[in-house]
Amino acid sequence: MKTDIILRLLQEHDIDEEYVSWFSNSDGHLDFYTGSGRVFNKNTILEDFHQGEESKKWFYYVIESNGEKIGNVKIGPVDLRNKTSDLVCFIGNRNYLGKGLATKAIALANEIAFNKYDIRRLQGGMYATNIPSIKAYTRAGWLIEATLEGFYLVDNKAVDRICVACFNPKYFDK
């Protein structure tokens, strides 16, 4: 069965019990999502969502497949002066991991960032041990720009950070 996805702006009513449950780290899935070890709950998620809405510096999109919410993409924080932004993709519904949907979501989010927000350059970083994430971004048109040796400290062991970027063809001839 072919699995298509759409991205749509996150609305407050989307932040329901299911959505919040994605941010439970009982299975270690969030270890790759937040290098800071930040803990998420409904209040912190809502607070971040509202700050993004008010500041217009970051935007959340729901990833949907067959009408079901399966994850989100965050575009931001946006640097308006330099027209740059981070882009983070998170498949929260564990049933949809490993199906190539993050790659599709990242590719769609690239277009939104470039066309709706006029972003010149997208960037991000991840643990070198997070091979699925590295593959998802590079398959969605991103390039590995650098490796920052020993950037993260995980269980008292140094782990490299892989820095990735994607360039808006309107501004870059790549």
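Bear in mind that the values here come from a model prediction, so they are computed numbers and not experimental data. Just so you know, residue 1 is the first one in the sequence shown, and it goes up from there.
Judged by distance alone, with hydrogens and angles left aside, the side-chain atoms of Q123 form a donor-acceptor pair with the main-chain N or O of S85 at under 3.5 Å. Side-chain atoms of T147 never come within 3.5 Å of backbone atoms of I162 as a donor-acceptor pair (strictly under, hydrogens ignored). Panel note: side chain N66, backbone E68; no donor-acceptor pair is recorded below 3.5 Å. With hydrogens and angles disregarded, no donor-acceptor distance shorter than 3.5 Å links the side chain of R161 to the backbone of Y152. In terms of modelled atom types and a separation under 3.5 Å, the side chain of T44 and the main chain of N41 share a donor-acceptor contact.
Side-chain contact, N110 with W142: a donor N or O sits under 3.5 Å from an acceptor N or O.
Two residues are said to be in side-chain contact when any heavy atoms from C-beta on lie closer than 4.5 Å; L101 and K104 meet this criterion. Counting heavy atoms from C-beta on, the side chains of Y60 and E53 never come closer than 4.5 Å. Contact of the K42 side chain with the E17 side chain is not registered, since no non-hydrogen atoms from C-beta on lie closer than 4.5 Å. A 4.5 Å side-chain heavy-atom check between Y127 and V154 finds at least one atom pair inside the cut-off. Side chains of F114 and L122 form a contact here, defined as non-hydrogen atoms less than 4.5 Å apart. Side chains of I91 and K99 form no contact here, defined as non-hydrogen atoms less than 4.5 Å apart.
Across every non-hydrogen atom of E18 and N93, the tightest pair is OE2-ND2, 4.2 Å. Closest heavy-atom contact between A109 and V73: CB-CG1, 3.6 Å. Residues V88 and Y137 share a closest heavy-atom pair of CA-OH, 3.4 Å. Nearest heavy-atom pair across W22 and K69 is CZ2-O, 3.5 Å. Nearest heavy atoms, Y61 versus I75: CE1-CD1, 4.0 Å. Closest approach of L153 to A158, counting heavy atoms only: CD1-N, 4.0 Å.
Considering CD of Q11 and CZ of F49, their distance stands at 6.0 Å, rounded to 0.5 Å. In this structure, CD1 in I15 is found 9.0 Å from CG in N72, a value given to the nearest 0.5 Å. Taken to the nearest 0.5 Å, the CZ atom of R121 stands 7.0 Å off from the CZ atom of F172. Here SG of C89 is found 10.0 Å from CE of M126. Values are rounded to the nearest 0.5 Å. Distance check: I144 CD1 to C163 SG gives 10.0 Å after rounding to the nearest 0.5 Å. E64 CD to I70 CD1: the interatomic distance, rounded to the nearest 0.5 Å, is 9.0 Å.
Linking Ile, Leu, Val, Met, Phe, Trp and Tyr residues whenever their side-chain heavy atoms come within less than 4.5 Å leaves I6 and L87 in two separate clusters.
Within 6.0 Å of the NZ atom in K57, the count of heavy atoms belonging to other residues, nucleotides or ligands does not exceed 12.
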Using the rule given for side chain to side chain contact (heavy atoms under 4.5 Å, CB included), can you reason through I63 versus L7, listing the C-alpha separation, both sets of side-chain angles and the distance that settles it, and then say yes or no? CA-CA 5 Å; I63 306 167; L7 297 184; 3.5 Å; yes
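Using a 4.0 Å cut-off between charged side-chain N and carboxylate O, D118 and K83 make a salt bridge.
The side chain to side chain contact (heavy atoms under 4.5 Å, CB included) test with D79 is passed by exactly one of D86, I119, T84: T84.
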